[in-house]
Novice: 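If you scroll down you'll find the structure; I have some questions about it.
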Amino acid sequence: MASDNGLASLGVEGASAAAHALSLPAEAYGNDPRLEVMWAMKAYNHAEVYFNLISSVDPKFLKLTKQDDKIYSSFREGFGELDVKLLNADDLKSDEAKERWRPFCNQFEGVVEDFNYGTLLRLDCEKDYTEENTIFATRVQFFAIEITRNREGYNDAVYKAKCSKS
């Protein structure tokens, strides 16, 4: 997942303007396409950094937040049957799933910074971010699933694939 046109391509002035724009309340924008592009760039940048991280460091040793233990235990308590190796869009997006996820996510309001920000999440943890393998999720859903993938060894395939190429 390499990109030469991420946030760095904006330059200092553009990146500063993007950061300011992203810090304003949503009501200030409506459906501003420029903001959607800035959000997409920020989400892509986050995904790229995370994928590079799990490609370079053994995922079992990663700590994504100060609340990893709480997120993991709460996630496995409420979603023990969820196959985190290969997600289905309905696992996050169906009406039934949204009803299950809502209380889980809301318990981290004020605990996990930006808990409900939009984030890109891989459906198949053994593959890179692609249009077909990516879904939109909240940040705390991303943390719950990726912390679980890291702790349970599902992200090892990405790390081992990168190590074998070196």
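All values below were derived from every heavy atom in this structure, side-chain atoms included, with hydrogens, water molecules and symmetry-related copies excluded. Numbering of residues begins at 1 and proceeds along the displayed sequence.
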Novice: Distance from E48 atom CD to D128 atom CG, nearest 0.5 Å?
Specialist: 9.0 Å
Novice: Please round to the nearest 0.5 Å and tell me the distance separating atom CZ of R122 and atom CD of E146.
Specialist: 4.5 Å
Novice: Has D83 got more than 12 heavy atoms of other residues, nucleotides or ligands less than 6.0 Å from its CG?
Specialist: yes
Novice: Distance alone, cut at 3.5 Å: any donor-acceptor contact between the side chains of T65 and D68?
Specialist: yes
Novice: Between F108 and K70, is there a side-chain heavy-atom distance shorter than 4.5 Å?
Specialist: yes
Novice: For E81, look at atom CD and say whether over 12 heavy atoms of other residues, nucleotides or ligands are found less than 6.0 Å away.
Specialist: yes
Novice: Starting at CG of N133, measure out to CD1 of I135 and round the result to the nearest 0.5 Å.
Specialist: 10.0 Å
Novice: For S74 and E77, test the side chains for any donor-to-acceptor distance below 3.5 angstrom and give the result as yes or no.
Specialist: no
Novice: Do the side chains of V111 and I147 join up, straight or via other hydrophobic residues, at under 4.5 Å, putting them in one cluster?
Specialist: yes
Novice: Compare all side-chain heavy atoms of P59 with those of D156 and state whether any distance is below 4.5 angstrom.
Specialist: yes
Novice: Would you say F115 ends up clustered with F136 if hydrophobic residues are merged whenever their side chains have heavy atoms under 4.5 Å apart, either directly or through other cluster members?
Specialist: yes
Novice: Going by heavy atoms in the side chains, are K85 and E126 under 4.5 Å from each other?
Specialist: yes
Novice: Are R139 and E113 within salt-bridge range, i.e. N to O under 4.0 Å?
Specialist: no
Novice: Under the side-chain contact (heavy atoms from CB on, under 4.5 Å) test, which residues partner T134, sequence neighbours left out?
Specialist: L120, Y129
Novice: Any chain of hydrophobic side-chain contacts (each under 4.5 Å) joining Y159 to V84?
Specialist: no
Novice: Locate the shortest heavy-atom distance separating K162 from S55; write the atom from each residue and the value.
Specialist: CG-O, 3.1 Å
Novice: When rounded to the nearest 0.5 angstrom, what distance separates CZ in R76 from CD1 in I71?
Specialist: 14.0 Å
Novice: Check whether the side chains of Y72 and E152 place a donor and an acceptor atom closer than 3.5 Å, and report yes or no.
Specialist: yes
Novice: Who passes salt bridge (charged side-chain N to carboxylate O under 4.0 Å, His left out) against K93, sequence neighbours left out?
Specialist: none
Novice: State, with a plain yes or no, whether a side-chain heavy atom of L92 is found less than 4.5 Å away from one of Q141.
Specialist: yes
Novice: Decide, yes or no, whether a salt bridge links D69 with R151 under the criterion of side-chain N to carboxylate O below 4.0 Å.
Specialist: yes
Novice: Rounded to the nearest 0.5 Å, what separates atom OG in S94 from atom CZ in R100?
Specialist: 9.0 Å
Novice: For the side chain to side chain donor-acceptor pair (under 3.5 Å) test, which of T148, D58, N150 pairs with N155?
Specialist: N150
Novice: Hey, quick one: are L86 and I145 part of the same hydrophobic cluster, counting side-chain heavy atoms closer than 4.5 Å, chains of contacts allowed?
Specialist: no
Novice: Taking it one step at a time, do N88 and L123 satisfy side-chain contact (heavy atoms from CB on, under 4.5 Å)?
Specialist: CA-CA 7 Å; N88 179 306; L123 293 170; over 6 Å; no
Novice: Would you call the rings of W101 and F104 parallel, tilted or perpendicular, taking 30° and 60° as the class edges?
Specialist: perpendicular
Novice: Is any side-chain heavy atom of T119 closer than 4.5 Å to a side-chain heavy atom of T138?
Specialist: no
Novice: If you look at every heavy atom in G153 and K60, which pair is closest and at what distance?
Specialist: CA-CE, 4.3 Å
Novice: Is any side-chain heavy atom of D91 less than 4.5 Å from a side-chain heavy atom of L82?
Specialist: yes
Novice: Before you tell me yes or no, could you show the steps for Y50 and F142 under ring-ring contact (aromatic ring centres under 6.0 Å, His included), namely the whole-Å CA-CA distance, both residues' side-chain angles and the distance that decides it to 0.1 Å?
Specialist: CA-CA 11 Å; Y50 180 71; F142 168 87; 5.0 Å; yes
Novice: How far does CG of D124 sit from OH of Y154, to the nearest 0.5 angstrom?
Specialist: 12.5 Å
